[in-house]
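Presented below is the structure to which this report refers.
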Amino acid sequence: MTRRWRDGRGTMVVRPGDDRAEVSVPLEIAASYRARTRGLLGRDGVDGAMLLSPANSVHTFRMRFPIDVAYLDRHLVVIAVRTMKPGRLGLPRVRARHVLEAAGGAMTGWGLEAGARVDVETWAEGEISRPSSGT
């Protein structure tokens, strides 16, 4: 099942693989080519996280701060988490379909690590909606 979103905002719920509690995080969704290309470039920080979809790699050229990057598979299970300094090129992950970006060190505090699962809820006209399934 491939998930498709539109550019916008929502909430990400992190479900760690161990006995830690779930964590809700504010989320920006970058689904269009233009929004994915811009990402976090030109910003001094991020409130919560940014979901790039579809995506399987990122770079930090022209970034102003280090970021955590989580690669997610089609079921929103974390494949890997890396911290990237500005000016780096991340290698593509074969099974990755989505990429999460956040300020460096944030994902550790959320319990976001390989094997964790995330849920994404989007805000559509003031209501919470789930992403549509597509091919």
Side-chain angles (χ1 to χ4, degrees):
M1 169 174 58
T2 302
R3 299 176 189 273
R4 294 182 185 203
W5 290 278
R6 292 184 178 183
D7 294 346
R9 297 193 176 276
T11 302
M12 172 180 68
V13 179
V14 178
R15 302 182 193 289
D18 54 19
D19 59 354
R20 286 183 278 181
E22 297 176 356
V23 177
S24 292
V25 178
L27 184 68
E28 265 186 76
I29 300 169
S32 68
Y33 175 78
R34 185 176 187 183
R36 289 192 317 268
T37 302
R38 170 139 182 153
L40 297 175
L41 295 176
R43 297 186 187 191
D44 293 321
V46 59
D47 178 30
M50 176 176 276
L51 174 69
L52 307 173
S53 179
N56 67 354
S57 67
V58 296
H59 68 82
T60 58
F61 299 120
R62 297 187 357 237
M63 294 284 295
R64 297 179 179 170
F65 57 97
I67 61 171
D68 283 350
V69 177
Y71 301 91
L72 310 176
D73 69 10
R74 68 181 62 232
H75 303 289
L76 301 179
V77 174
V78 178
I79 297 169
V81 177
R82 299 287 181 261
T83 299
M84 294 177 65
K85 295 178 183 177
R88 308 286 185 205
L89 176 65
L91 297 175
R93 299 287 172 152
V94 177
R95 292 181 16 238
R97 297 293 180 266
H98 317 280
V99 175
L100 282 170
E101 296 179 338
M107 291 185 183
T108 300
W110 301 334
L112 198 64
E113 56 191 20
R117 186 171 56 88
V118 301
D119 286 333
V120 174
E121 296 177 340
T122 59
W123 301 336
E125 299 178 11
E127 295 184 13
I128 295 176
S129 63
R130 300 283 180 188
S132 61
S133 295
T135 55

Without swapping roles, check the side chain of Thr60 against the backbone of Met63 for a donor-acceptor pair under 3.5 Å. no

Under the rule for salt bridge (Lys or Arg N to Asp or Glu O under 4.0 Å), what residues qualify as partners of Arg64, not counting sequence neighbours? Asp44

Could you go step by step and tell me if Val58 and Met84 meet the side chain to side chain contact (heavy atoms under 4.5 Å, CB included) rule? CA-CA 10 Å; Val58 296; Met84 294 177 65; 3.9 Å; yes

Does atom OH of Tyr33 have more than 12 heavy-atom neighbours from other groups under 6.0 Å away? no

Hey, are the side chains of Val81 and Leu100 touching, using non-hydrogen atoms and a 4.5 Å cut-off? no

Contacts under 3.5 angstrom, residues 104-118 side chains, donor-acceptor by atom type, not counting sequence neighbours:
| unit_1 | atom_1 | unit_2 | atom_2 | d |
| --- | --- | --- | --- | --- |
| Glu113 | OE2 | Arg20 | NH2 | 3.3 |
| Arg117 | NH1 | Asp119 | OD1 | 3.0 |
| Arg117 | NH1 | Asp119 | OD2 | 3.4 |

d(Arg93 CZ, Ile79 CD1) to nearest 0.5 Å is 8.0 Å

Going from CG on Leu52 to CZ on Arg36, what distance comes out if it is rounded to the nearest 0.5 angstrom? 8.0 Å

Distance, nearest 0.5 Å, that separates CG of Leu40 from CD1 of Ile67: 6.0 Å

Closest approach of Ser57 and Gly90, non-hydrogen atoms and distance? CB-O, 3.7 Å

Quick one: pull up CZ in Arg95 and CG in Asn56 and give me the separation to the nearest 0.5 Å. 12.5 Å

Main chain of Val77, side chain of His75: is a donor-acceptor contact present, judged purely on distance under 3.5 Å? no

For Ala102 and Gly48, work out which heavy atoms get closest and say how close. CB-O, 3.7 Å

Whether Glu101 and Arg43 form a salt bridge (side-chain N of Lys/Arg under 4.0 Å from carboxylate O of Asp/Glu) is what I want to check. no

What about Val99 and Met50, same hydrophobic cluster or not, with Ile/Leu/Val/Met/Phe/Trp/Tyr joined at side-chain heavy-atom distances under 4.5 Å? yes

Nearest 0.5 Å, what's the CG-CZ distance between Leu76 and Arg15? 11.0 Å

ILVMFWY cluster, Val120 and Val25 together (side-chain gap under 4.5 Å): yes

Of all the heavy-atom pairs spanning Ala31 and Pro54, show the shortest one and how long it is. O-CD, 4.4 Å

Does the pair Tyr71 and Val78 meet the rule for a side chain to side chain contact (heavy atoms under 4.5 Å, CB included), with working shown? CA-CA 6 Å; Tyr71 301 91; Val78 178; over 6 Å; no

Tell me if a side-chain donor or acceptor on Asp7 pairs with a main-chain N or O of Ser32 at a distance below 3.5 Å. yes

What distance do His98 atom NE2 and Leu51 atom CG have between them, rounded to the nearest 0.5 Å? 7.0 Å

Would Ile29 and Thr122 count as a side chain to side chain contact (heavy atoms under 4.5 Å, CB included) if you check the C-alpha gap in whole Å, the side-chain angles of each, and the deciding distance to 0.1 Å? CA-CA 8 Å; Ile29 300 169; Thr122 59; 3.2 Å; yes

